[in-house]
Amino acid sequence: MNEVLISAKGICKDYSGVRVLDHVDVDGVPGQVHGIIGENGAGKSTLMNILAGFAQPTEGSVVFQGKPVVIAGPIAAKEMGISMIHQELNLIPDLTVYENIFLGKELVRAGGLLDKKAMIVETRSLLAKVGESSTDPRASIASLSVAKKQMVEIAKALSNDSKVLIMDEPTAVLTDNEIEILFASIRQLKEKGVTIFYISHRLKEVKQICDTVTVLRDGRRISTNNACDVAEEDMARLMVGRELQELYPAKAVPGEDVVLDVQNLSIPGVIQDVSFQLRKGEILGFSGLVGSGRTELMEALVGLRHKTPGCSITVMGKQVGLNQYDEAIRHHIVYLPEDRKRTGLIVDMNITENITIVSLGKYCHPFVDRKAEGRTAAKYVQAFDIRCKSITELVRYLSGGNQQKVALAKAMEVEPEIVILDEPTRGIDINTKQMIYRFINDLARQGKSCIVISSELPEIVGMCDHVAVMRGGQLAGFVQGKDVNEEDIMFLATGLKKGVPAHAC
Amino acid sequence: MPAKVSLKDRISNFNIEKYGPFVALTVLLLIMLVLQPEFFKINNVVNVLKQVSYMGCIAVGMTFVIITGGIDLSVGSMAAMTGGLMLVTTNHFKGSVPSIILALVAGCALAVACGWAVGTLTTKGRIAPFIVTLGTGAIYRSVVLQAANGGEFRGATDTYPVIGQGSFLGIPYAIFVFLVFAVVCHIILNNTRLGRYMYAVGSNEDVARYSAIKTDRIKIIAYMILGFGVFLMALMFSSRINAVSSSNFGAGLELDAIAAVVIGGTSMKGGRGWIWGTVIGVIILGVVSSMLNWLNVSAYLQGAVKGLVIIAAVLVQRGRGETK
């Protein structure tokens, strides 16, 4: 058994009087992956932030190489060989891949000029290590997909020669084959004796990649076990502290009426000729690899992106243009974007203002009726169980799951008939996930129609009766009924199988 | 639902952005009370307010532009052009009442149209507002210089100056115009959909767009409101001195206006700010400059003191922001 390299001893952390970590101990052993699991708000990220120097413990200490240490900040942590990959990526969009990787540790030639060539070569080999040899080191970060950015972030951490590597939900935005590539590089790092902490909501992955698993709940350590000794169900039970009911509710039966008919929608260079129909009360899944154009398709559909003229969109029997998003809203179509912080919510505004921002017209005659607004917000806070200090709390201070509930409330406020949800459960805990699944299901039962984009296949399989699979900007095909299973969808998404033509469904 | 807040929390949560300007003004006034009690004579107070009310109209309008994440450096030259147009119009028609109304309409239309142009260039044309207004400012100034042949427009009527020189209950119209404009703007910003959208656009334009807000239109309206503020300033000031100097009228006004907005606690990054803060910022600038006069500080050095006040105001806000 290896020596413990880094350990947290009795760590407590208070944020404005609230204890978020309560005497937590964890050990990191070289060559092992230590999974940290727990619901949102359980304290996983806070604990890891303390190990990586982003936060200071209120009580307790960090022991590194046998000695208690104070990790004053992320730079001090980096010097000790501790790096952390955050859930929200920390890359500068306007710089290139290699500039980001070498940010703060640029290679210089004699005379002080940057040695770009060496940095590019080095970056190329780092990218190759994480299976991204197709990415150009000179490409700007802004031009990369979310998944590619994640891989760059991992390559950046590798370039630090880290002894301790902390990953906060590294797979949240990755597709299955990207996850495989990530796991391969994690295994390589293990062999080199790197100590790895791995935060994830995906228990299957934790079981697969971790040697040890620590469960946190409400800021306390509930258990630490060898990963091979605990089943996924046990982990889930330990996390929530009670039996988990069936994760997905029984699928609703869609009606016959077509509420949305899209024919030949294209975006120059991104999407070619996509046609599909959505029925009343249907939950239509959109699956496909990251970068297959699902998000772009939906954004173009609702008018957030320019679409090639010549497509035809019919909403509830009426031919519409949908060239502006407010036109879609008027036709009761709402789109819930995947990136909560970038496009979903204004984190520096409060809960109430976020919920009513699209529907604000309802509260203006002509002055904003703040009381009515507040009543609406309070209604949603109660209905969706949004955990907050008050309805005027800034969204910034809410956990990911609660932010997503605010985003849902904002979408529901416009009284939609068609709800398009883009990765609705990305980066949120299992309890909130379950709540969102039920919620979508209830919408369908009430006769609303939903489109769900998700990269998590079990989610698509568990929720949807009818799934459109995209590949490279085109519809690869549809699967329906009994054929909705992970294998068939994957075959279509990767092009191993030809799909049923759209009109046959 | 609202939890009880302890006194300690209240102190640590003290919103310096919101109340800082009030504290600063109070401190300044206390200093004046010790140094120079005559400062508080009603005549002097009115005088100080009058001095800043012209720039105040522009600062109030500028608050909208800065909240939506923009900036306008052309307001001084725009004021000269607008004032010049109004003076020429009234002169041309010998100062009859209809001609004054025509001048007001023309001046207002010109200033608001200038705001629209800047807004359109920054949004549809996607040019940074800093650059656009540097350009438009130069254009406006040139136009006035050319029209006045480098000299000044002089008022040739005795009706037009009534607007700028008149008063009600001993208080000049200019102060009323400034305060009424501030109240109306406060209501727009706080109690209307437009105001809420301005905060949204300034705080996160992408989210605003994904919330079905027409972000370009909101930004353009902010510049148009500023244009209206410029019109008010140009009207009150040109009619007070009954002249518009093509080279000096409004020169340096943009910096004073931006300074007042920043001192008032509005964030230069957009998304946060409020009209009352700006009003306090305007008054602070007035009190500082009158204080310097009382203290016999050389006029040449007054700019330096003003500069220090601005930098200090931003530092105080910044320090607070980073502890979060």
Side-chain angles (χ1 to χ4, degrees), chain A residues 16-17 299 302-305 324-330 333-349 353-354 356-370 373-374 377-378 381-382 388-397 407 410-411 413-414 422, chain B residues 1-15 17-18 67-69 183-218 266-274 317 321-324:
Chain A
S16 51
E299 289 185 351
V302 299
L304 284 165
R305 218 176 245 273
Q324 296 271 342
Y325 185 35
D326 59 321
E327 200 184 333
I329 296 279
R330 275 203 304 280
I333 303 175
V334 72
Y335 170 69
L336 199 70
E338 78 178 307
D339 193 330
R340 283 190 293 274
K341 290 197 174 144
R342 200 176 66 75
T343 48
L345 296 169
I346 300 182
V347 294
D348 284 322
M349 288 179 105
E353 289 165 339
N354 269 286
T356 58
I357 191 159
V358 190
S359 58
L360 198 57
K362 278 201 279 191
Y363 302 93
C364 298
H365 4 252
F367 298 125
V368 179
D369 182 351
R370 280 171 207 268
E373 252 191 308
V381 164
Q382 202 187 10
C388 57
K389 282 193 212 122
S390 80
I391 54 168
T392 54
E393 190 172 2
L394 293 189
V395 166
R396 169 183 295 282
Y397 301 120
K410 170 180 164 183
E413 244 299 274
V414 303
D422 197 346
Chain B
M1 196 172 308
K4 258 205 160 235
V5 188
S6 73
L7 185 66
K8 200 180 135 198
D9 271 359
R10 241 178 243 211
I11 292 170
S12 68
N13 288 338
F14 178 74
N15 189 340
E17 266 170 34
K18 201 152 188 183
I67 284 175
T68 57
V183 169
V184 170
C185 285
H186 172 78
I187 292 171
I188 292 177
L189 195 53
N190 274 275
N191 298 322
T192 70
R193 204 165 154 184
L194 178 64
R196 182 75 61 82
Y197 286 174
M198 285 188 174
Y199 285 111
V201 168
S203 193
N204 190 329
E205 193 175 340
D206 281 327
V207 178
R209 206 167 64 82
Y210 278 74
S211 303
I213 295 173
K214 297 200 157 112
T215 54
D216 286 355
R217 186 184 293 179
I218 300 295
T266 295
S267 161
M268 287 297 283
K269 281 183 295 189
R272 266 196 324 238
W274 57 317
Q317 287 167 19
E322 275 182 2
T323 54
K324 272 183 185 168

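Each chain gets a letter, A, B and so on, in the order the sequences are listed, and its residues count up from 1.
Residue contact with chain B, scored on non-hydrogen atoms closer than 4.5 Å, is absent for A:Glu327. Proximity to chain B is limited to the side chain of A:Thr356, based on heavy atoms less than 4.5 angstrom apart. Heavy atoms of A:Pro366 lying under 4.5 Å from chain B belong exclusively to its backbone. For A:Glu373, the part lying near chain B is the side chain, with the backbone staying farther off; criterion is any non-hydrogen pair under 4.5 Å. In this structure, chain B has no heavy atom under 4.5 Å from any part of A:Glu393.
Options A:Ile329, A:Val368, A:Val414, A:Asp369 differ in how many heavy-atom pairs under 4.5 Å they form with chain B, and the most are formed by A:Val368. Of the listed residues (A:Pro337, A:Gly344, A:Ala411, A:Gly361), the one with the most heavy-atom contacts under 4.5 Å to chain B is A:Gly361.
Inter-residue side-chain proximity for A:Glu299 and B:Tyr210 is flagged as met; some heavy-atom pair is nearer than 4.5 Å. Within the 4.5 Å cutoff, the side chain of A:Ile357 has heavy atoms near those of the B:Ile213 side chain.
Nearest heavy atoms, B:Ser211 versus A:Lys410: OG-NZ, 2.7 Å. When all heavy atoms are compared, the tightest approach of A:Arg342 to B:Asp206 is O-CB, 3.4 Å.
Note that NZ of A:Lys341 is 12.0 Å distant from CG of B:Asn204, once rounded to the nearest 0.5 Å. Once rounded to the nearest 0.5 Å, the distance linking CG of A:Leu345 with OG of B:Ser203 reads 11.0 Å. Atoms CG and OH, from A:Leu360 and B:Tyr197 in turn, are 5.0 Å apart once rounded to the nearest 0.5 Å.
Without hydrogens or angle criteria, B:Arg209 side chain to A:Leu304 main chain gives a donor-acceptor distance under 3.5 Å.
Within a 6.0 Å radius of CZ in A:Arg370, more than 12 heavy atoms belonging to other residues, nucleotides or ligands are found.
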